[in-house]
Number of protein chains: 2
Amino acid sequence: MRTLVAGAAPGSPAPSERELVHRFGVARMTVRQAMDALVVEGLLERIPGRGTFVARPRRMTSRLSSYTEEMTRRGLLAESQTLLARREQAGPGVARALSVSEGDAVIHWRRLRRADGHAMCIEDAYLNEILIPGFLQSGMPTSLYDALDARGLRPTWAEDSINADVAAAEEGEHLEIPAGAPVLRHSRRAFAGDKVVEVSRSVYRADRYTMWLQVGAED
Amino acid sequence: MRTLVAGAAPGSPAPSERELVHRFGVARMTVRQAMDALVVEGLLERIPGRGTFVARPRRMTSRLSSYTEEMTRRGLLAESQTLLARREQAGPGVARALSVSEGDAVIHWRRLRRADGHAMCIEDAYLNEILIPGFLQSGMPTSLYDALDARGLRPTWAEDSINADVAAAEEGEHLEIPAGAPVLRHSRRAFAGDKVVEVSRSVYRADRYTMWLQVGAED
DNA sequence: CAGTGGTCTAGACCACAGT
DNA sequence: CTGTGGTCTAGACCACTGG
């Protein structure tokens, strides 16, 4: 049934409901229910009195993308340098954010991230070790989200907070900016289903990074 | 029909389809279609073999909200002081962002925004005068988004960019911070359908404002 | 005008929950 | 077992579009 839409160009007409009734020998309500599913998926568009058409792809609500994906999209080469990767006991803040108990084992992964060789941000990621046993031993992956994906834990949504601040001294050293230079701080709780799979705090050089996002959905 | 769901607690059962058939004297397909609409809206949840229930509110993909709505949600009183409201000719940047031609008439509206009486941000909004004729003459509304809504132009999605910076001298005067203090800059192109209805640049005091958003969708 | 989607009827059989 | 939603049939009338 989806084959009707498979490679069709946006705007091209789909077969009419009554034609599909004859072609498949089913009732029109049945045809309509099948097409309804494609309409809510955004693959088809009905226009009363005219017909049903292949919809132009709807603008997506901002998808959750990793640093690597984001930089690649900007045409930059993403690199990461691990500054720290170890097992820790969750402190009160991290425990609450990860929805674990204080003292539970978490993985703390700090990376300096570069784009085209230039220091861009420092990211502190915290992961629930229960969800990804053996993560540290298995060799650190390049992309955290890919690694989570391989375990069926790719985050699909997140709660983010963003604010402006100035760099602390040690942050400035890694980012190659003076202490007190403006930075963008980005905190994230990333979810797969209703499980928190990642909590992270990132600090970006304000002179090199502007966050882009699309909010809300078209229609 | 929605009254069936109006004040009901999440998880409470809705009347069964066959009961509604008897109550309203319509066919079951009709009842199902009406309920289907509520299901896709996320108000009802079907459980085969058990019944239909009032759904727990779905986590929303970040909705587009105005400053007023956002502050209200935080429990703060939003206030606005108009610093400037006039007709201008679009410069190159604003023209491109608003998808109009350079020199076309645009409305420029600058406001100092407060929360609980404290200076929070300065917002420069640009509107396409073609879309909202007589806007300046009709008395400035409190909420821009409400005013657009009344004209059927409530933005449903936007392209945002966010970065960190330091306050310029005149910004600092309005925001009551020294020049050079950290600020969050937020630019927005807001759309209703595929029409750009608002282009804005806001500058927030970093010490008072953290942006919160939810990105991606559950499921 | 003929063709389209939008809506509706009055039944039917199925798989599945709970008792 | 009964009741639920899931699916389906074979029609029907409507409002709208385009030629």
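Residue numbers start from 1 in every chain, and the chains themselves are labelled A, B, ... in the order their sequence lines are given, proteins ahead of strands.
- When both pairing distances are held under 3.5 Å, D:dT17 makes a Watson-Crick or G-U pair with C:dA2.
- Regarding contacts with the backbone of D:dC16, every side-chain N or O of A:Arg50 stays at 4.0 angstrom or more from both OP1 and OP2.
- If you take CG of B:Leu38 and C1' of D:dG5, they are 15 Å apart, rounded to a whole angstrom.
- Summarising the geometry, the separation between CE on A:Met29 and P on C:dC8 is reported as 10 Å, rounded to the nearest angstrom.
- Summary of the strand contacts: B:Thr52 and A:Gly49 both lie near DNA chain D, and taking for each the nucleotide with the nearest heavy atom, the more 5' one is attributed to B:Thr52.
- Of the possible donor and acceptor atoms, one in the side chain of B:Arg189 sits under 3.5 Å from a partner among the backbone N and O of B:Ala97.
- Taking the nucleotide of DNA chain C with the nearest heavy atom to each of B:Val26 and B:Arg18, the more 5' of the two is matched to B:Val26.
- Dense packing is recorded around CZ of A:Arg74, with more than 12 heavy atoms of other residues, nucleotides or ligands lying under 6.0 Å away.
- Taking atom CZ of residue B:Phe24 and atom P of nucleotide C:dT9, one finds them 12 Å apart after rounding to whole Å.
- Straight-line distance from the CD atom of B:Glu19 to the P atom of D:dT4: 8 Å, rounded to whole Å.
- Considering only the side chain of B:Gln33, C:dT7 comes nearest among C:dG6, C:dT7, D:dT9.
- With rounding to whole Å, A:Leu44 atom CG is found 15 Å from C:dT4 atom P.
- D:dG6: Watson-Crick or G-U partner is C:dC13, with both key distances under 3.5 Å.
- With respect to B:Glu171 and B:Arg185, a salt bridge is recorded, a charged nitrogen being found less than 4.0 Å from a carboxylate O.
- Here the C1' atom of nucleotide C:dG18 and the CZ atom of B:Phe53 are 11 Å apart, to the nearest Å.
- The distance from the CG atom of A:Leu213 to the CG atom of B:Leu213 is 6.0 Å, given to the nearest 0.5 Å.
- Considering only side-chain atoms of B:Glu17, the nucleotide from D:dG6, C:dT9, C:dG6 that sits closest is D:dG6.
- More than 12 heavy atoms of other residues, nucleotides or ligands sit less than 6.0 Å from atom CZ of A:Arg46.
- Distances shown here put a side-chain N or O of B:Arg46 below 4.0 Å from the OP1 or OP2 atom of D:dG6.
- Between A:Ser16 and C:dG3 there is no side-chain polar atom (N or O) within less than 4.0 angstrom of OP1 or OP2.
- At whole-Å resolution of the value, CG in A:Asp36 and P in C:dC8 are 13 Å apart.
- The side chain of A:Arg28 places no N or O atom within less than 4.0 Å of a non-bridging phosphate oxygen (OP1 or OP2) of D:dA10.
- Comparing atom distances between the A:Arg32 side chain and each of D:dT9, D:dG5, C:dG6 picks out C:dG6 as nearest.
- Of the side-chain N and O atoms in B:Thr30, one or more sit less than 4.0 angstrom from OP1 or OP2 of C:dT9.
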